[in-house]
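Since the structure comes first, as C-alpha cells, the remarks are kept for the end.
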Amino acid sequence: MADGNKVVKVGSPERPLRVAIIGSGPSGFYAAEALLNAKDLAVQVDMFDRLPTPYGLVRGGVAPDHQKIKNVTMVYEKIAARPAFRFFGNVMLGRDIQVDDLRRHYDHIVYAVGNESDRRLKVPGEDLKGSHSATAFVGWYNGHPDWRKEDFDLSQESAAVIGIGNVAIDVTRILAEDVEVLAKTDMARHAVEALRGSRVKTVWLLGRRGPVQAAFSPAELKELCELHSSDLVVREDELKLDEVSRAALEKDPEAKKNYDLLVQQAKKGEGSRPRKICLRFCVSPTELIEGNGRVAKMKLEINQLVADGKGGLKAQGTGQTEVIDAGLVFRSVGYHGVPIPGVPFDAKAGHIPNKDGRVLDDKAAVVAGAYVVGWAKRGPSGLIGTNRADSVLTVKAMLEDVAKLSAPVEESKTPEAALATVKARQPDFVTFQDWKLLETLELSRGKQSGKIREKFTTVAEMLEAIKKARQEACLVK
Ligand code: NAP
C-alpha cells in the first residue's frame, strides 16, 4: 500500500519516474531508449499509439521497396522488450484517454505524434477530384487504416507530383516502377491490384527552384534513374546554373552528387522505356484546370531564382506560363502537424511549441512535465536516424527537470493504476505481445502470397485477428 504522505525523490527505486510517450514512431522509441538507458534513474515507460500497430512512419510512410530501412524496427523491438516498457496500442489521446488522465498517472508526458497532415498549395483547383496529397497516396499504398478507402484514378495517362523532396520521389517511383517489383514487397494488396491496372505513362515531377536547391537525396535520385520501366527525362537547359547556385554546389557534396547525376541523365535523352518521368525545375503550379468534372491540366509559371535575403535563393514567378496534361495530381510540399485537445499547438508552424523539447504554452511559459520529440518538435525534416539525437536532447531536458522533482508515493502513479484507466477507457487496447501475434500473421500471409508481408489494413481486421490469435495461443491480456 502506498504511503500518501511520504515525499521521496522521483526516479528513485521507491518512486520511479513515470513517463507516457504518445506515439510509437522512431522519435518515440528513441526517447524510450534514452530514458531506459539513463544512469541512476528508475523509470517506467508506457507508450501509446492510436493504431494497434507500432512504428509510425516506418510502417506507414517508408516506401515498400525500401525494406532495408525498415530493419530499424529490430532496434525498437529490443527497447519494447525491456521490463520497464509497456505498449498500449489502439488507445488514442483525445478520444480514449485525456491529458488529465495522463497527468494523474505519469510525471512526464512526451509527445511523439509526428506530423499527420500536409501543407497545401493554395492555388485554384487544388480541391478538384483527382488532386490528392502525397500523404494520402503514401498511406494508401502502405496500408495505413486512415487511407484504406482512398481512390486514385490510375486510368489517367498523365500524373503530376508537386515538390522535389524524398516523399515526392517515393510517390513518383511508386507510380512509375514496374508493379511486379512492388508486388513482392509489403505494399498493401489493394494498392498492388490498383497499380496493376495503371495506365499512367507520364509522371511530371515539378520543382519550384533549381537542381542545386532540390530537397531529394542522391540515393533516391539514383534509384529514379535506374527504374525498370521508366526513363527519367531531364532538360539540359534547366540545369544551367546562376553564380549563387554554382557557389552553393561547391560547398554541398550532396547537392553536387545530385547535380552530377542530373547532368549524366540529361545526356541520355528520352530513353526507350514505356513510362517517362519528366523532371522539371523552376516551375510552380498556379492553377489546376478542370475537365470532365476533375483535374485535367495544370498551369505552370516559369520561375527565376532571386536572393531570399538569407544568403539563399527563392523562386519568383516570371509571368511566363505553360500548360501540361495532368489527370492525377499529388502535392508533396511537406507535412503539417494536427492539434491534440489539451496540448499547445502552433497552427502556423504546424508543430508543438517548445524550447529544447520542453513544451511551451501560448504565453511561451514552460508546461511542467510536458515534452516533445521528432517532427512534432522540429517540423517535418530529417531522416529516421536524425530523430535519435533529437530525442536524446529532449530526454536530457527531462533528466535535468526530474533531478529537481520530489513527490509523494501515490497510488495513482503506478503501472497498475494506469492499466486500470486504459482498461476502463479502451478495453480493446493492444499490447506489444498482441502486436507480435499480428505481425506473425502478417508475415505468414505474406509468405503464402510470395510477398514479404501482407498487412492488415483496417483496425477492425487487426483487432479481430489479434483476438483469434490470442485465443489460439491461450493468452489472456
Ligand atoms: P521536404 O524534403 O521538405 O521537401 C518538400 C519539397 O516541397 C521541396 O522541394 C520544397 O521546395 C517543395 N515545396 C514546398 N512548398 C512548395 C510550394 N508551395 N510549391 C512548390 N513546391 C513546394 O519534404 P518531404 O519530401 O515531405 O520529406 C520530409 C522529410 O522526410 C525529409 O527530411 C525527407 O528527406 C524525409 N524522407 C526521407 C526519405 C528517404 O530517405 N528515402 C523518404 C521520404 C521522406 P523548396 O525547397 O523550394 O521549399
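As the structure lists them, so they are numbered: ligands from 1, and atoms in each ligand from 1. Residue indices begin at 1 and follow the sequence shown. Remember, predicted model here, so these are calculated numbers, not experimental data.
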Parallel, tilted or perpendicular for His336 and Phe345, by the 30°/60° rule?
perpendicular

Please list the nearest protein heavy atom to atom 22 (C) of ligand 1 with its residue and the distance rounded to 0.1 Å.
Val333 CG1, 3.3 Å

Please indicate whether any nitrogen or oxygen in Gly382 is less than 3.5 Å from any nitrogen or oxygen in ligand 1.
yes

Say whether, by atom type as modelled, one donor and one acceptor occur between the side chain of His144 and the main chain of Val138 under 3.5 angstrom.
no

Counting heavy atoms only, which part of Glu220 comes closer than 4.0 Å to ligand 1: side chain, backbone, both or neither?
side chain

Can you tell me which residue and heavy atom of the protein come closest to atom 29 (C) of ligand 1, and the distance to 0.1 Å?
Trp375 CZ2, 3.6 Å

Of all protein heavy atoms, the one nearest atom 23 (O) of ligand 1 is Gly334 CA, 4.3 Å

Table please: side-chain donor-acceptor pairs of residues 218-225 below 3.5 Å, with sequence neighbours left out.
unit_1 : atom_1 : unit_2 : atom_2 : d
Lys222 : NZ     : Glu226 : OE2    : 3.1
Glu223 : OE1    : His66  : NE2    : 2.7
Glu223 : OE2    : His66  : NE2    : 3.0

Judging by distance only, is a nitrogen or oxygen of Pro380 under 3.5 angstrom from one on ligand 1?
no

Does an N or O anywhere in Asn166 fall below 3.5 Å from an N or O of ligand 1?
yes

Hey, can you pull the donor-acceptor pairs under 3.5 Å for the side chains in residues 291-300, sequence neighbours left out?
unit_1 : atom_1 : unit_2 : atom_2 : d
Arg294 : NH1    : Asp153 : OD2    : 3.4
Arg294 : NH2    : Gly327 : O      : 2.4
Lys297 : NZ     : Asp325 : OD1    : 2.7

among protein heavy atoms, the one nearest atom 11 (O) of ligand 1 is Arg208 NE, 3.7 Å

Measure the distance from atom 40 (O) of ligand 1 to every protein heavy atom, then report the residue, atom name and distance (to 0.1 Å) of the closest one.
Leu383 CD2, 3.5 Å

Would you check if there is a donor-acceptor pair between the side chains of Asn354 and Tyr111 at a distance under 3.5 Å?
no

Taking it one step at a time, do Glu254 and Ser217 satisfy side-chain hydrogen bond (donor to acceptor under 3.5 Å, both in side chains)?
CA-CA 7 Å; Glu254 294 281 291; Ser217 317; 5.1 Å; no

Does Phe87 have its ring centroid less than 6.0 Å away from the ring centroid of Trp435?
no

Do Lys455 and Glu442 meet the salt-bridge criterion of a basic N to acidic O distance under 4.0 Å?
no

side-chain hydrogen bond (donor to acceptor under 3.5 Å, both in side chains) between Arg148 and Thr457, intermediate numbers included:
CA-CA 7 Å; Arg148 171 74 185 81; Thr457 58; 2.9 Å; yes

In terms of the angle between their ring planes, are Phe29 and Phe432 parallel, tilted or perpendicular, with boundaries placed at 30° and 60°?
perpendicular

Tell me whether ligand 1 is touched by Ser381 - counting only heavy atoms on the residue side and a distance under 4.0 Å.
yes

Looking only at protein heavy atoms, identify the closest one to atom 2 (O) of ligand 1 and say how far it is in Å.
Ala215 CB, 3.6 Å

Looking only at protein heavy atoms, identify the closest one to atom 4 (O) of ligand 1 and say how far it is in Å.
Gly165 CA, 3.5 Å

Residue part near ligand 1, for Asp170, under 4.0 Å between non-hydrogen atoms
side chain

Does any N or O atom in Arg209 lie less than 3.5 angstrom from one in ligand 1, N or O only?
yes

Heavy-atom nearest neighbour in the protein, as seen from atom 25 (O) of ligand 1, with distance rounded to 0.1 Å:
Val167 N, 3.1 Å

